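These notes concern the structure reproduced below.
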Amino acid sequence: MRNFTFHNPTKIHFGEGQIAKLSKEIPAGSRVLVTHGGGSIFQNGVWAQVESALAGFAISRFAGIEANPQFDTLLRAVEQARGERCDFILAIGGGSVIDGSKFIAAALRHPGDPLELLTGTRVTAAVPLGCVLTLAATGSESNPHGVVTHAVRQQKLPFSSPLLYPRFAILDPRTTFSLPSRQIANGVIDAFVHTLEQYLTYPADAPLQDRYAEGLLQTLIEEGPKALAAPDDYAARANLMWCATQALNGLIGCGVPQDWATHMIGHELTALYHLDHAQTLAVVLPALLAECRERKRAKLLQYAERVWQLHDGDENSRIDEAIAATRAFFSRLGVPTTLSEHGLDAEVIPQVLAQLERHHMTALGEHRDIDLQASERILLRAL
Ligand code: NZQ
Ligand code: ZN
């Protein structure tokens, strides 16, 4: 196992009715910028709960952080928060609202051009941030990462800082009951792929991290379809929510090699063709596993055995079956696993490769050997 430092400072309040804890978690006297997306929080009763918990606080509400949050939108929020002298941010929503709010938090304390924060400049200060999660998927509620979309550059720009961990996250599974099935499925796939990207590399003498990951994968396989089949199944929503948080809160990735190539290629597909984040992962991941099967051989066999209970046949057929089972799982959730199902053909490949090159994504994977030629082969397999 490699050396690591693990410190996740986000306090989690999990379960029904926990939104009421907001009044205790936000420091008294704060001027709160409340951020959210479109209208979902008004339709599902989340806003009513937040409003009542925040009675007595000075609130400035910023609406309209879109899926794949846009840089320009976030700059407007920064301006509003400055004008209202906000000193705390409460994000209500999924990964997009929370990521966008992390950027706002950093931009409010950044003396230079906010774009610098997305192009390598370190975050040195940030306004404190808390969140109410309404979509289980990204893990943004208890991690230090964010992704902002720059429309003109057609680029998704990741950023990260320990200063951007939310101070607290409220996870009430009931808030997810209003999700359309597409977003439930997206969430299951995002959490599944986050787990695989920290697990499916090469053996690293980390059996505990392996078993954490296998536990998450098996739970997602069991609970995902239940949540889709029975939209009022609280237990399934609760289990999915806790899985998604743990899939990307840093724990399972401690001390092990990681392979974020699926995400990096997927980001380009979202930026260019506006596929949902998880839709891109469902297309790229099975193709990447097929392409990298020799380098990932030992872990693919472990995955086949422990996650999919594939014990029979020779090694190659077990690997084939594990990749097919992964693809079938995504399909069962209703998410396409090929580009053609999204109406995209081979003409997109040169454009994606050009963007990968422009964004210096030319040495991806746990061995940094997914160069542009390998990405091309992955995209060809994904057609
Ligand atoms: O805007 P509203 O009306 O709220 O609608 C949202 C949005 O349209 C809707 N929604 C959310 N909660 C709902 C709901 N609808 C009904 N009921 C509810 N309870 O869902 C739509 C999608 O929301 P979004 O936040 O975009 O989804 P998700 O959580 O999947 O976030 C995706 C974003 O997170 C980034 C992605 O790149 C993408 O920009 N990621 C962030 C990561 C991180 N911070 O660690 C890692 C991930 O890999 C990912 O890259
Ligand atoms: Zn993701």
Side-chain angles (χ1 to χ4, degrees), residues 8 10 19 35-47 49-50 62-71 73-74 91-103 129 131-150 155-161 164-166 169 171-198 227 231 237 240-241 244-245 247-250 253 258 260-271 274-282 284-285 335:
N8 187 317
T10 302
I19 292 176
T35 51
H36 65 93
S40 73
I41 64 163
F42 299 114
Q43 283 144 23
N44 58 14
V46 169
W47 172 247
Q49 292 181 62
V50 171
F62 184 85
I65 298 183
E66 53 283 270
N68 304 304
Q70 298 285 324
F71 181 65
T73 306
L74 302 173
I92 316 172
S96 295
V97 174
I98 301 172
D99 283 10
S101 302
K102 288 176 179 174
F103 175 74
L129 164 98
C131 60
V132 175
L133 183 68
T134 66
L135 196 174
T138 64
S140 186
E141 64 277 10
S142 75
N143 74 34
H145 315 301
V147 189
V148 165
T149 296
H150 196 291
Q155 189 173 7
K156 292 196 75 164
L157 295 154
F159 60 101
S160 198
S161 164
L164 298 176
Y165 277 99
L171 276 58
D172 177 346
R174 268 200 194 279
T175 63
T176 70
F177 276 21
S178 54
L179 284 170
S181 20
R182 168 171 146 199
Q183 297 299 351
I184 299 170
N186 279 349
V188 175
I189 288 175
D190 199 18
F192 195 87
V193 176
H194 292 160
T195 308
L196 277 187
E197 287 177 303
Q198 298 163 87
R237 295 307 175 99
L240 287 182
M241 205 169 213
T245 297
L248 201 50
N249 70 354
Q258 305 188 8
W260 292 95
T262 298
H263 264 70
M264 295 307 117
I265 299 171
H267 282 176
E268 304 299 355
L269 289 169
T270 298
H274 312 294
L275 269 55
D276 291 348
H277 172 61
Q279 288 175 338
T280 69
L281 307 177
V284 176
L285 181 88
V335 181

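Start at 1 and go down the list; that is how both ligands and their atoms are numbered. For clarity, every value in this text was computed on a predicted model and none was experimentally measured.
- In this structure, atom 30 (O) of ligand 1 lies nearest to the protein heavy atom A137 CB, 3.9 Å.
- Within the 3.5 Å criterion, the main-chain N or O of R174 finds no donor-acceptor partner in the side chain of R237.
- Residue contact annotation: A136 has no non-hydrogen atom under 4.0 Å from ligand 1.
- Residue H267 places a heavy atom less than 4.0 Å from ligand 1.
- Which parts of ligand 1 touch G37 is read off a 4.0 Å heavy-atom cut-off, strictly below it: atoms 1 (O).
- In this comparison of G93, G95, S40, G64, the heavy atom closest to atom 31 (O) of ligand 1 sits on G95.
- Between the D276 side chain and the N186 main chain, no donor and acceptor come within less than 3.5 Å of each other.
- Using cut-offs of 30° and 60° on the angle between ring planes, the pair F42 and W47 is perpendicular.
- By the criterion of a heavy-atom distance under 4.0 Å, the side chain of P69, and not its backbone, is placed next to ligand 1.
- Of the inter-residue distances, the one linking H267 atom NE2 with H277 atom NE2 reads 5.0 Å to the nearest 0.5 angstrom.
- At a distance under 4.0 Å, a protein heavy atom can be found next to atom 40 (N) of ligand 1.
- By the 3.5 Å distance cut-off applied to N or O atoms, T176 is not counted among the residues near ligand 1.
- Among protein heavy atoms, atom 14 (C) of ligand 1 sits closest to L179 CD2, 3.4 Å.
- The distance criterion of under 3.5 Å between nitrogen or oxygen atoms is met by S96 with respect to ligand 1.
- When atom types are taken as modelled, the side chain of T245 and the backbone of M241 share a donor-acceptor pair closer than 3.5 angstrom.
- Q70 places no side-chain N or O within 3.5 Å of a backbone atom of E66 that could act as its donor or acceptor partner.
- For ligand 1, the atoms sitting less than 4.0 Å from at least one non-hydrogen atom of G39 are 3 (O), numbered in the order shown with element in parentheses.
- If you look at H145 next to ligand 1, the close heavy atoms, those under 4.0 Å, come from the backbone and the side chain alike.
- For atom 9 (C) of ligand 1, the nearest protein heavy atom is 4.0 Å or more away.
- In this structure, N8 and Y165 have side chains that are in contact, with non-hydrogen atoms separated by less than 4.5 Å.
- Counting protein heavy atoms only, atom 49 (C) of ligand 1 is closest to H277 NE2, 3.3 Å.
- The closest approach between a heavy atom of Q43 and any atom of ligand 1 is not below 4.0 Å.
- Checking atom 6 (C) of ligand 1 against the protein gives no heavy-atom contact under 4.0 Å.
- Each of the atoms 20 (O), 21 (C), 22 (C) of ligand 1 lies under 4.0 Å from some heavy atom of Q183.
- For E197 (side chain) and H263 (main-chain N/O), a donor-acceptor pair under 3.5 Å exists by modelled atom type.
- The shortest distance between side-chain heavy atoms of F62 and T73 falls below 4.5 Å.
- At a heavy-atom distance under 4.0 Å, only side-chain atoms of H194, from C-beta outward, approach ligand 1.
- A heavy-atom distance below 4.5 Å is not found between the side chains of L157 and T149.
- The shortest N or O to N or O distance between L135 and ligand 1 is not under 3.5 Å.
- Under 4.0 angstrom from ligand 1, the non-hydrogen atoms of N44 all belong to its side chain.
- Around the Zn ion (ligand 2), the protein atoms of type N, O or S that sit closer than 2.8 Å are D190 OD1, H194 NE2, H263 NE2, H277 NE2.
- Considering V97, V46, V132 in turn, V46 is the only one that fulfils the side-chain contact (heavy atoms from CB on, under 4.5 Å) rule with I41.
- The closest protein non-hydrogen atom to atom 42 (C) of ligand 1 is T138 CB, 3.8 Å.
- Here's the thing with V147: none of its N/O atoms is less than 3.5 angstrom from an N/O atom of ligand 1.
- In this structure, the protein non-hydrogen atom closest to atom 1 (O) of ligand 1 is G38 N, 2.6 Å.
- At distances below 3.5 Å, not a single donor-acceptor pair connects side-chain atoms of T35 with backbone N or O atoms of S101.
- Side-chain contact between P166 and C131 is present, with at least one heavy-atom pair separated by less than 4.5 Å.
- The shortest N/O to N/O separation between P180 and ligand 1 does not fall below 3.5 Å.
- Which parts of ligand 1 touch T175 is read off a 4.0 Å heavy-atom cut-off, strictly below it: atoms 19 (N).
- Given atom 37 (O) of ligand 1, the protein heavy atom at minimum distance is K156 NZ, 2.6 Å.
- Residues S140 and D99 bring a donor and an acceptor atom of their side chains to less than 3.5 Å of each other.
- Counting heavy atoms under 4.0 Å from ligand 1, residue H36 does not touch it at all.
- No donor-acceptor pair under 3.5 Å is formed between the side chain of N44 and the backbone N or O of S178.
- L240 places a side-chain heavy atom less than 4.5 Å from the side chain of V188.
- Listed by number with element, the atoms of ligand 1 under 4.0 Å from a non-hydrogen atom of D99 are 34 (O), 35 (C), 40 (N), 41 (C), 42 (C), 43 (C), 44 (N).
- For K156 (side chain) and T270 (main-chain N/O), no donor-acceptor pair under 3.5 Å exists by modelled atom type.
- At least one donor-acceptor pair under 3.5 Å links the side chain of N143 to the backbone N or O of L248.
- Near S178, meaning under 4.0 Å from one of its heavy atoms, ligand 1 places the atoms 16 (C), 17 (N), 18 (C), 19 (N).
- In this structure the side chain of L74 reaches within 4.5 angstrom of the side chain of V148, judged on heavy atoms.
- The main-chain N or O of L133 is found under 3.5 Å from a side-chain atom of T175 such that the two form a donor-acceptor pair.
- The two atoms that bring A247 and A191 nearest to each other are CB-O, 3.6 Å, heavy atoms only.
- For ligand 1, the atoms closer than 4.0 angstrom to any heavy atom of A67 are 26 (O).
- Scanning N143, I41, V46, T134 for the heavy atom closest to atom 43 (C) of ligand 1 points to N143.
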